[in-house]
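Below is one structure; the comments refer to it alone.
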There are 2 protein chains.
Amino acid sequence: MIESGERARVQPETTEASRLVETAIQEGLLATLFGRCRVEYEGRAASTLKEGERLVVLKPDGTALVHSDEGQKPVNWQPPGCTHEVQTDGDSLVVRSRRETPEEVLLVEFESVDHVAIFDVTDDHDLSLTGTEEDLRDRILEDPSILEPGFEPRATERQTPAGAVDIYGVDGDGNAVVVELKRRRVGPDAVSQLNRYVESLERDLHAETTVRGFLVAPSVTERASRLLGERGLEFVSLAPSPDT
Amino acid sequence: MIESGERARVQPETTEASRLVETAIQEGLLATLFGRCRVEYEGRAASTLKEGERLVVLKPDGTALVHSDEGQKPVNWQPPGCTHEVQTDGDSLVVRSRRETPEEVLLVEFESVDHVAIFDVTDDHDLSLTGTEEDLRDRILEDPSILEPGFEPRATERQTPAGAVDIYGVDGDGNAVVVELKRRRVGPDAVSQLNRYVESLERDLHAETTVRGFLVAPSVTERASRLLGERGLEFVSLAPSPDT
DNA sequence: GTCTTCATGTCGGAT
DNA sequence: ATCCGACGTGAAGAC
């Protein structure tokens, strides 16, 4: 086990920084490094990042993150499942993170390391999230008349040749109804998605069956609204949470 | 300016941890905290995360990240532009990050802080990235016959009522051509997107004009391929980089 | 600000 | 493993 005093270093020697990161990799700990580095990536795409100061996070699950001073997204990264390696090269510290299928490599070369710390992380709890598309679905299943009086849900995730429909059902006149749900304001892409399912069902069911398509979301953009009209699709304004 | 020895603390007192984070917020530094905490979020959605050990990163641009031991995505976060606050509440340290439009709040309550560090980050360089859709576009513009002998590009980002077309041009017979580019293997969504542009142009141009739609990507899924066929659209296999 | 689309998207669930 | 769609998607460019 790592002693408390052995977990972090300010202005560490390269060999000492390397030793700490190596320990983290071996023991399944999370490691953070801060310092001046350059970064190279090659895999699904390829990138180069010149010298600058960044925070690097290596997770025990094989994730690597390179964060600059700005932005929510890391400037470079490697997904979970990668194998991390650390090595010294003269004064510089080099972190390599690899994966296969697809073959991807991330290389971080530190010219100087200002800070290293390693942590034994235990996180047993999952995130509980509300305001999702599932909440929106449940609102409609609980009271289908919100969509339209007479609407009767028959299935969720009903399969069509074009993919699974969020809610499938029938209206008061016995017409087939396809419902596509979105938790937030929708654009043209959502209209196309709904249209795909409707057209697919029209081919699949007998020709005489009318298939109505409903897009359910808090709101729609102007262009999406026009597209809905052109395709003969309908819109119902509804949010995942009753108050919003 | 922060003295080197003043930048990090292991097992800090709550007041000392608070002082460091406060300094980071005031002086535009990046702060990292590691410890046992619970997290609440409310905004576009709402979430709760029970006690566990996590790494929290506060960036000078107003970004907040809460990372657990797994995954590339933070378990909770706040986008750039937020205002961070830190305060002590008995033994616990509370970090609050707020933004407006939309109103969103992130609250991280530390029951214990194992480590705090703050960093003055300077990162002057931007990422240089290859293998993007733009690279794919340039390949075709450089040698349009890759798409089809006789193809002549006339515009990129040509506007239609349904949105901007990646490449617009004419084929050897004078027919209009719409090209949709994807840097990777495509599914049904890309087919729908191309179809939107083609249908929009068919309405926009005179009725007698034939509009051909090309999807250009490294590969296509089976379902997408079938959809292309049904719509009378064409596929050309091409990757952003010549070798892949 | 809103809109639209790309992304090394990531992630989860189903096949 | 691939496919498919949701995501508090994020980020960028256009308007």
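Letters go in sequence order (proteins before strands), and every chain restarts at 1.
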For the pair Asp166(B) and Arg137(B), evaluate side-chain contact (heavy atoms from CB on, under 4.5 Å) and give the outcome as yes or no after the intermediate values. CA-CA 8 Å; Asp166(B) 284 338; Arg137(B) 188 194 65 185; 6.0 Å; no

For side chain to side chain donor-acceptor pair (under 3.5 Å), just list the numbers for His67(A) and Lys73(A), CA-CA rounded to whole Å, side-chain angles, deciding distance to a tenth of an Å, and then say yes or no. CA-CA 8 Å; His67(A) 273 282; Lys73(A) 276 185 55 182; over 6 Å; no

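In this structure, the CD atom of Glu180(A) is 9 Å from the P atom of dG5(D), given to the nearest Å. The CZ-P distance, from Arg185(B) to dG5(D), rounds to 14 Å in whole Å.
At a threshold of 4.0 angstrom between heavy atoms, the contacts of Ala190(B) with the nucleic acid are absent. Arg196(B) comes within 4.0 angstrom of the backbone, heavy atoms only, and of no base. Base contact: Asn76(A) has a heavy atom under 4.0 Å from a base atom. Residue contacts shown for Gln78(A) are absent, as no nucleic acid heavy atom lies under 4.0 Å away.
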Would you give me the side-chain donor-acceptor pairs under 3.5 Å for residues 214-225 of chain A, sequence neighbours excluded?
| from | atom 1 | to | atom 2 | distance (Å) |
| --- | --- | --- | --- | --- |
| Ser219(A) | OG | Arg185(A) | NH1 | 3.1 |
| Thr221(A) | OG1 | Ala224(A) | N | 3.3 |
| Arg223(A) | NE | Pro161(B) | O | 3.0 |

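Of the residues in residues 122-135 of chain B, Leu127(B), Leu129(B), Thr132(B), Glu133(B) come within less than 4.0 Å of DNA chain C through at least one heavy atom, sorted by number. At a non-hydrogen distance threshold of 4.0 Å, nothing from residues 214-233 of chain B comes into contact with DNA chain C.
For the side-chain hydrogen bond (donor to acceptor under 3.5 Å, both in side chains) test, residues two or more places apart in sequence or in another chain that qualify with Arg44(B) are Glu104(B).
You can see that DNA chain C meets the heavy atoms of chain A within a 4.0 Å-exclusive cut from dC3(C) to dC11(C), reading 5' to 3'.
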Summarise how protein sits on nucleotides 9-15 of chain D as a single string, 5' to 3': B when a protein heavy atom is under 4.0 Å from the base, S for sugar-phosphate-only contact, - for no contact. BSS----

